[in-house]
Each structure stands twice: as structure tokens, then as C-alpha cells.
Asks: 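Questions regarding the structure given below will be posed in turn.
Remember, it's 1-based here, ligands and their atoms both numbered in the order they're listed. Side chains included, hydrogens not; waters and symmetry mates left out as well; all remaining heavy atoms used. Computed from a prediction, not measured in an experiment: that's the story for all the values here.
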Amino acid sequence: MSEKYSVRIQGKNADIAVEENQSILDAALRANEWLPHSCTQGTCGTCKLKVLCGEVDHHQSPEYTLTAEERADGLALGCIATPRSNLTVEPLGNAGDDGVPHYPLRDYEGTVVVLEDIAANTRRLVVELDTPMAFNAGQYAELLVPEHGVARQYSMANPPTETRRLEFHVKLTVGGLSTDGWIFSSMVVGERISLRGPLGQFNLVNKQDEPAILIGGGTGLAPLKSIVQQALAEDLVPELFLYHGGRRREDLYDVEYFRELERRYLHFHYRPALSEEQWDGAMGLVTDVVIGDFSSCKGMSAYLCGPPAMVEAAVKALKRRRMAPRLIFREEFAITPAATAAPAVP
Ligand SMILES: Cc1cc2nc3c(=O)[nH]c(=O)nc-3n(C[C@H](O)[C@H](O)[C@H](O)COP(=O)(O)OP(=O)(O)OC[C@H]3O[C@@H](n4cnc5c(N)ncnc54)[C@H](O)[C@@H]3O)c2cc1C
Ligand code: FES
């Protein structure tokens, strides 16, 4: 049996029990002690914490996220580091009350009820959970890839009012374990799957005065679809702009769904954009289309999701249009570094 360590989170005065093979972040979220995090796979650095007392195992924490100097200074990645002794840690990011409800991380079982091709190399996967999962619009779950002991992140596209039926949009990665090796090959309707969630801090849950620009590349549309549905249902933003970028018409999906929302809500605007095929809609890279539509983004907020290069380009474009950096929120669909594949659920 693995040893249990006690980890004190400075500033929260919380002591949590952590298994020796369990990450500090995983244990904290399961104990409903919120710690800042984004990717849970060692690529973003949002979960950095200072180890004030005790020893951790850094496993394969990548050098580009946690430098040798940072390790020497006692920093660790909460999503990867596991305890080697009792610990006292202090999160670097804001772990206090951020005005957002947080829900505990839990393991779930569910049944695949829909698996359909919705765009080029893109599938909609709907899972009916045995027990409901509370989450915020914009968060994601980790699907456990059968027989591989690894997890992959997929954002919920359904609104948080639907706690039993989770919708995911999955893009094929050629040679990828979860997509090529499972969701696009052996997965069938009726299959039982395991997942854990909710995770992430990319969300829009409270009423805000600023109009919001949502920009998604490919399946980066998934969390934005959840956000759009909740924001419209609860009237969270004065004006909402959704941009979805693809190369060709076959890359777009749910076009009619969003056009229908546009007809129903006058303050919702939907702008799909294609970069490589002529059509009767917006043309060009989605970030260029946004730049063309707004001479200034001052006083607006943005929610960006998709491949890291698209998210970076969008951040630059919005800053050029004078959007305040603190109002730019992002979720990058970074590929799991093979060596740091997320540890299995303890
Ligand atoms: C927070 C977050 C949310 C996400 N949400 C979504 C979402 O809603 N929809 C979505 O489609 N994606 C999403 N992703 C991306 C998703 O989690 C996966 O990364 C993606 O589906 C690829 O997983 P895979 O297992 O198929 O590929 P992987 O097995 O991770 O492979 C990725 C690439 O690395 C290569 N590779 C793998 N192993 C090796 C090796 N040993 N040596 C060299 N190369 C190797 C593969 O050939 C492939 O090209 C999200 C990612 C994050 C971080
Ligand atoms: S959440 Fe740990 S590195 Fe991203």
C-alpha cells in the first residue's frame, strides 16, 4: 500500500492527505481545495508552487516549464510533483477567493451515447455519466485511454446545466494514443469509459460589464460553445462575439446551431472564418478577421481557445487593438509531452 503524506497549503490553512504517487494538485482538487492550474500536464506552469518544507519528486517536469534554477529555489509543478515527505507548500498563483464557484475533482464512469463525424477529422462524442458532474462552462475533463494508463484532456461543450450528459469535440491527431488509437478507431456507441473532472480555470461564469470576444480554432470551439450557451441563458455579457476559424468549409461545424442562436439573441454575433477556401463568409486567418472587425478592443474581454499558435496570434492581435491583458483569457490545446503523460488516477 502506498504511503499517505500530509500537505499543508500555506495561506489556506488546509491540510490534505496525498498518496505518495498522487500529484499535489490532484489531491487538493479532490479535497475541494482550489489551486490554480490550467493544463494538468506540465506545459503551462500555472500550477507552480513553492515547497516551503519537505521534499517532492518532480518526475518528468519539463525543463521548459520548470527550470533548473526554479527547482533549486524550491519550486515545483503541482500537477506533476508528488510528495516524498510531509510538505508545506505555497501556490504562486491566486488560490484565494476568485469569485468563481469551484467543484471537487472526482472520478466518473459513463457510456458513449453519441459518436459522430461533424467536420474533417473531427468527432462529437457524447457521454452519459452514471452520476452527475458539476462544472463551470469552459472547464474540461480527462478521459482515461483504455489499456494505456494515460489521460487526455477534452473540454465540455455542453452547458453546465447538463451535468449527466457531456459533449466533447475531438480532433484527430495522427499517431495519437487517444484519438487515432481509440476515439477515431475502436470506440463505439455503448462503450463504457472512465474520466475525471472538472478541471481548468478557463471560464466565464459571472456577469460582466465588458462585451466579450470568443475566438476558437478547430475544436477550440468546444469550451466556447458551453460558454456561449450559459452566457446567453443567464444574460452574463452585454454583447457576445463568437469567431470560429478553420481552413476550409469542411472544418466548420455547428454552423446552423450558432446561426439560430444569432437569430434568437440580438446581442450575439457569430463569425466563422475560412483561411483557404472562398465562400460567402469571412475570409482569412481568424485573428486577422477579428482585427478587421474592430478598430479598438479597449474595454472588451476575450476568451481564446485552440492550438497554441492561434492563441498566441490572437493575444498579440487583441493587444494591438488595445485590449487590457488582464481581460484576455486563454486555453491552449497543447499536446501532452509524451514523457510527462498524466499519471493514472491513484
Ligand atoms: C486543457 C486542454 C483541453 C483540451 N481540449 C481539447 C478538446 O476539447 N478537443 C480536442 O480535440 N483536443 C483537446 N485537447 C488536446 C487533447 O487533450 C490531446 O492532446 C489530443 O487529442 C491528442 O491526444 P492523442 O492522445 O491522440 O495524441 P498523443 O498520443 O498525445 O500524441 C500527440 C502527438 O505526439 C506524437 N507522439 C506521441 N508519442 C510520441 C513519442 N513517444 N515520440 C514522438 N512523438 C510522439 C503523436 O504522433 C502525435 O503527433 C486539449 C488539451 C488541453 C491541454
Ligand atoms: S497545470 Fe501544471 S503545468 Fe499546467
Asks: In terms of side-chain geometry, is the basic nitrogen of Glu70 or Lys48 positioned less than 4.0 Å from the acidic oxygen of its partner?
Replies: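 Salt bridge present between Glu70 and Lys48.
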
Asks: For atom 3 (S) of ligand 2, what is the closest protein heavy atom, and at what distance to 0.1 Å?
Replies: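 Here the nearest protein heavy atom works out to Gly45 N, 3.2 Å.
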
Asks: So what does the Cys79 SG - atom 2 (Fe) of ligand 2 - Cys47 SG angle come to, to 10°?
Replies: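 Angle SG(Cys79)-atom 2 (Fe) of ligand 2-SG(Cys47): 100°, rounded to 10°.
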
Asks: Within 45° of the ring axis of Tyr154 and under 6.0 Å from its six-membered ring centre, is that where the NZ or CZ of Lys171 lies?
Replies: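 Judged by the rule, Lys171 and Tyr154 form no cation-pi pair.
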
Asks: Could you tell me if any non-hydrogen atom of Ala334 lies under 4.0 Å from any atom of ligand 1?
Replies: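 Yes, Ala334 has a heavy atom closer than 4.0 Å to ligand 1.
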
Asks: With a 4.0 Å cut-off, would you call Glu33 and Arg8 a salt bridge?
Replies: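 No.
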
Asks: Answer with side chain, backbone, both or neither: which part of Tyr140 has a heavy atom less than 4.0 angstrom from an atom of ligand 1?
Replies: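 It is the side chain that touches ligand 1; the backbone stays farther off.
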
Asks: Which of the numbered atoms in ligand 2 are below 4.0 angstrom from a heavy atom of Ser38?
Replies: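 Numbered from 1, ligand 2 contributes 1 (S).
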
Asks: Do Ile215 and Ile291 belong to the same hydrophobic cluster, where Ile, Leu, Val, Met, Phe, Trp and Tyr are linked whenever their side-chain heavy atoms lie under 4.5 Å apart, directly or via other members?
Replies: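 They do not share one cluster, since no chain of ILVMFWY contacts under 4.5 Å joins Ile215 to Ile291.
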
Asks: One residue to check: Val174. Relative to ligand 1, which of side chain, backbone, both or neither has a non-hydrogen atom less than 4.0 Å away?
Replies: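 Contact part for Val174 vs ligand 1: backbone (N, CA, C, O).
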
Asks: Can a salt bridge be assigned to the pair Glu262 and Arg259 using a cut-off of 4.0 Å between side-chain N and carboxylate O?
Replies: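 Judged by the 4.0 Å cut-off on N to carboxylate O distance, Glu262 and Arg259 do not form a salt bridge.
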
Asks: Within the structure, is a non-hydrogen atom of Val150 found at a distance of less than 4.0 Å from ligand 1?
Replies: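 Contact absent.
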
Asks: Does Cys39 bring an N, O or S atom to within less than 2.8 Å of atom 2 (Fe) of ligand 2?
Replies: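 It does not: Cys39 brings no N, O or S atom closer than 2.8 Å to atom 2 (Fe) of ligand 2.
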
Asks: Between Thr43 and ligand 2, which part of the residue brings a heavy atom under 4.0 Å of the ligand: side chain, backbone, both or neither?
Replies: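 Backbone only; the side chain of Thr43 stays clear of ligand 2.
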
Asks: Can you tell me which portion of Glu332 lies within the under-4.0 Å heavy-atom range of ligand 1? Options are side chain, backbone, both, or neither.
Replies: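 Near ligand 1, Glu332 shows its backbone, while the atoms from C-beta on stay back.
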
Asks: Name the closest protein heavy atom to atom 1 (S) of ligand 2, giving the residue it belongs to and the distance to 0.1 Å.
Replies: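 For this ligand atom, the closest protein heavy atom is Thr40 N, 3.2 Å.
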
Asks: Which of these, Arg152, Arg123, Glu167, Gln153, has its nearest heavy atom closest to atom 16 (C) of ligand 1?
Replies: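 The residue whose heavy atom sits nearest atom 16 (C) of ligand 1 is Gln153.
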
Asks: Is there a heavy atom in Phe168 that sits closer than 4.0 Å to ligand 1?
Replies: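 It does not, in that no heavy atom of Phe168 comes within the 4.0 Å cut-off of ligand 1.
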
Asks: Under 2.8 Å from atom 2 (Fe) of ligand 2, is there any N, O or S atom belonging to Cys44?
Replies: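 Checking atom 2 (Fe) of ligand 2 against Cys44, no N, O or S atom falls under 2.8 Å.
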
